[in-house]
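One structure is given below, encoded as structure tokens.
Counting starts at 1 for both ligands and their atoms, in listed order. Since the model is a prediction, treat every value here as computed from it, not as a measurement.
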Amino acid sequence: MGFLTNKKALIVGVASNRSIAWGIAEAMAKQGCEIALSYQTQKLKKRVDKCAALCNSNIVIECDVGSDLSIEKTFTKLKSHWDNFDILVHSVAFASHEALDGNYIEVTTRDNFATAHDISSYSFTALAKAANPMLNDNGALLTVSYLGAIRAIPNYNVMGVAKASLEANVRYMAAALGPRRGIRVNAVSAGPIKTLAASGIKNFGKLLDYAVNNSALKRNVTTEEVGNVAAFLCSDLASGITGEITYVDSGYSVYDQGPNL
Ligand code: NAD
Ligand code: 0WE
């Protein structure tokens with residue numbers, strides 16, 4: 001019997017079978033969790049339908065996290081399948097492409113700063129607000145962050161500032177939802193993975209190689225590895241963990257190559 005047996009999870013952010021959200025959905029389904037998936041736009045629906053079929057789900061709902069109306073409709077639709085649920089996963093980020101290439105001061109604008117924070121951080125709060133009436137006590141929320149939240153990483157730019165906001169969001173949401181409801185809120189901070197979101201990034205291949213050479217495990221992580229940790233954090237096995245950022249990065253963030261001694 002899996003450690004998520006009798007749990008129900010809504011997973012926001014599947015775009016393809018390479019998505020971190022898909023790694024999370026698969027890992028949770030493997031542990032006996034019932035799954036619902038949401039997708040951003042109609043053009044992703046076919047791919048997400050296929051992913052849903054693979055985890056025996058027929059709940060696939062459109063959700064643009066940039067719109068309160070779309071979020072509200074998502075939960076109305078979810079309610080027609082489930083009276084309540086246990087786990088909400090947020091695996092969504094967006095910043096304007098121009099903001100992710102070049103000198104931070106030069107490429108950041110009021111407009112792309114606001115969008116990055118809206119879609120990559122506030123949307124987690126917005127989903128929690130809308131999910132709240134349907135979420136079971138002792139449920140769990142999870143989001144996906146990156147090391148750029150706490151280090152200035154070349155070209156990650158405004159996304160790093162938005163991830164810092166997302167990580168603070170995790171702590172404030174944990175403080176807001178823990179006391180009365182026992183709802184836990186955590187993040188996994190993943191090492192670089194070649195997903196759709198990464199495919200638009202210049203020199204991503206170099207970044208992947210650099211992470212291999214500068215991590216304790218000397219390899220990159222997979223969406224399956226990120227998924228397994230996410231499944232654990234959202235399960236009762238992690239009932240004492242909330243407000244935490246857990247690194248799934250081959251030890252990159254704690255590793256220093258040192259001089260050649
Ligand atoms: P992905 O492209 O598969 O997933 C990103 C998702 O965000 C897509 O499903 C996209 O549809 C969704 N999205 C963007 N704007 C949206 C909106 N307005 N409404 C609804 N959905 C929207 O890429 P991924 O790498 O799996 O990214 C998932 C998360 O993982 C992101 O938060 C990203 O920052 C984080 N992350 C990625 C890496 C990496 O190297 N790939 C590393 C660490 C963290
Ligand atoms: O969070 C991310 C990327 C998220 C992302 C990706 C895109 C590409 C397409 C957000 N917005 C957009 N906008 C687009 O138009 N990662 C953790 C992956 C990533 O992106 C980087 C990285 C890493 C790692 C960008 C620069 C440097 C490193």
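Among protein heavy atoms, atom 25 (C) of ligand 2 sits closest to Ile201 CG2, 3.4 Å. Looking at atom 41 (N) of ligand 1, its nearest protein heavy atom turns out to be Ile193 O, 3.0 Å. Closest to atom 38 (C) of ligand 1, if we only count protein heavy atoms, is Ile20 CD1, 3.8 Å. Looking only at heavy atoms of the protein, atom 7 (O) of ligand 1 is closest to Val92 CA, 3.6 Å. The protein heavy-atom contact nearest to atom 1 (O) of ligand 2 is Tyr156 OH, 2.7 Å. Of all protein heavy atoms, the one lying nearest to atom 18 (N) of ligand 1 is Asp64 OD1, 3.0 Å. Taking atom 34 (O) of ligand 1 as the reference point, the nearest protein heavy-atom neighbour is Lys163 NZ, 2.8 Å. Protein heavy atom closest to atom 31 (C) of ligand 1, with residue, atom name and distance, is Ala93 CB, 3.7 Å. The shortest contact between atom 18 (C) of ligand 2 and any protein heavy atom is with Phe204 CE1, 4.0 Å. Among all protein heavy atoms, the one lying closest to atom 29 (C) of ligand 1 is Ser91 OG, 3.4 Å. For atom 19 (N) of ligand 1, the closest non-hydrogen atom on the protein side is Val65 N, 2.9 Å.
By the criterion of a heavy-atom distance under 4.0 Å, the backbone of Pro154, and not its side chain, is placed next to ligand 2. Only side-chain heavy atoms of Phe204 come within less than 4.0 Å of ligand 1; its backbone N, CA, C and O stay farther off. Residue contacts with ligand 2 for Tyr146 involve side-chain atoms from C-beta outward but no N, CA, C or O (heavy atoms, distance under 4.0 Å). Only the side chain of Leu207 comes within 4.0 Å of ligand 2, counting heavy atoms alone; its backbone N, CA, C and O stay farther away. Neither the backbone nor the side chain of Ser120 comes within contact range of ligand 1; no heavy atom lies under 4.0 Å. Only the side chain of Ile119 comes within 4.0 Å of ligand 1, judged by heavy-atom distances. Only backbone heavy atoms of Val14 (N, CA, C or O) come within less than 4.0 Å of ligand 1; its side chain stays farther off.
Looking at Ala95 next to ligand 2, an N or O pair under 3.5 Å apart turns up. Where the criterion is an N or O separation shorter than 3.5 Å, residue side chain and backbone included, Ser19 meets it with respect to ligand 1. Here's the thing with Gln40: one of its N/O atoms is less than 3.5 angstrom from an N/O atom of ligand 1.
Between Ile24 and Leu142, the shortest heavy-atom contact is CD1-CD2, 4.1 Å. Heavy atoms only, all atoms of each residue included: Ser123 and Ile119 are closest at OG-O, 2.6 Å.
When each atom of ligand 1 is checked for a heavy atom of Ala190 under 4.0 Å away, the hits are 42 (C), 43 (C). For ligand 1 and Leu44, the ligand atoms under 4.0 Å from any heavy atom of the residue are 11 (O). Residue Thr195 approaches ligand 1 through these ligand atoms, each under 4.0 Å from one of its heavy atoms: 23 (O), 24 (P), 25 (O), 26 (O), 41 (N). Each of the following atoms of ligand 1 lies closer than 4.0 Å to a heavy atom of Pro192: 40 (O). When each atom of ligand 2 is checked for a heavy atom of Asn155 under 4.0 Å away, the hits are 26 (C). Near Ser145, meaning under 4.0 Å from one of its heavy atoms, ligand 1 places the atoms 43 (C), 44 (C). Every atom of ligand 1 is numbered from 1 in the order shown, and the set under 4.0 Å from a heavy atom of Cys63 is 19 (N), 20 (C). The distance from ligand 1 to the heavy atoms of Leu196 drops below 4.0 Å at these ligand atoms: 2 (O). Against a heavy-atom cut-off of under 4.0 Å, Gly13 is close to the following atoms of ligand 1: 4 (O), 6 (C), 8 (C), 9 (O).
Taking a 4.0 Å cut-off on heavy atoms, Gly191 registers as neighbouring ligand 1. At least one heavy atom of Ala197 sits under 4.0 Å from some atom of ligand 2.
Distance alone, capped at 3.5 Å, is enough to place a donor-acceptor pair between the Ser235 side chain and the Leu237 backbone. The main-chain N or O of Gly102 is found under 3.5 Å from a side-chain atom of Asn155 such that the two form a donor-acceptor pair. A donor-acceptor pair under 3.5 Å is absent between the side-chain atoms of Glu62 and the main chain of Thr41, judged by distance alone. Within the 3.5 Å criterion, the main-chain N or O of His90 finds a donor-acceptor partner in the side chain of Thr143. Not a single donor-acceptor pair under 3.5 Å links the side chain of Glu26 to the backbone N or O of Gly23. For the pair Asp64 (side chain) and Gln40 (backbone), a donor-acceptor distance under 3.5 Å is absent.
Using the six-membered ring where Trp is involved, Tyr156 and Tyr146 have ring planes that are perpendicular, over 60° apart on the 30 and 60° scheme.
With 3.5 Å as the limit, one finds a donor-acceptor pair spanning the side chains of Asn169 and Thr125. Ser145 and Ser189 share no donor-acceptor pair across their side chains, judged by distance under 3.5 Å alone. Side chains of Thr109 and Asn112: a donor on one and an acceptor on the other come within 3.5 Å. A donor and an acceptor atom, one from each side chain of Arg181 and Asn132, are located under 3.5 Å apart.
Lys129 and Glu72 are not joined by a salt bridge, as no carboxylate oxygen comes within less than 4.0 angstrom of a charged side-chain nitrogen. Ion pairing of Asp236 with Lys7 is present here, as a side-chain N (NZ or NE/NH1/NH2) and a carboxylate O approach within less than 4.0 Å.
In this structure, Phe124 and Val185 have side chains that are in contact, with non-hydrogen atoms separated by less than 4.5 Å. In this structure the side chain of Val161 never reaches within 4.5 angstrom of the side chain of Thr108, judged on heavy atoms.
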* **Worked verdict on Glu98 versus Ser96 for side-chain hydrogen bond (donor to acceptor under 3.5 Å, both in side chains)** => CA-CA 5 Å; Glu98 295 85 62; Ser96 153; 3.0 Å; yes
* Derivation and outcome, side-chain hydrogen bond (donor to acceptor under 3.5 Å, both in side chains), residues Tyr39 and Lys46 -> CA-CA 10 Å; Tyr39 59 92; Lys46 265 196 183 155; over 6 Å; no
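The option with the heavy atom closest to atom 15 (O) of ligand 2, from among His97, Lys202, Glu98, Lys163, is His97. Ranked by closest heavy atom to atom 30 (O) of ligand 1, the top entry among Ile201, Leu127, Val144 is Val144.
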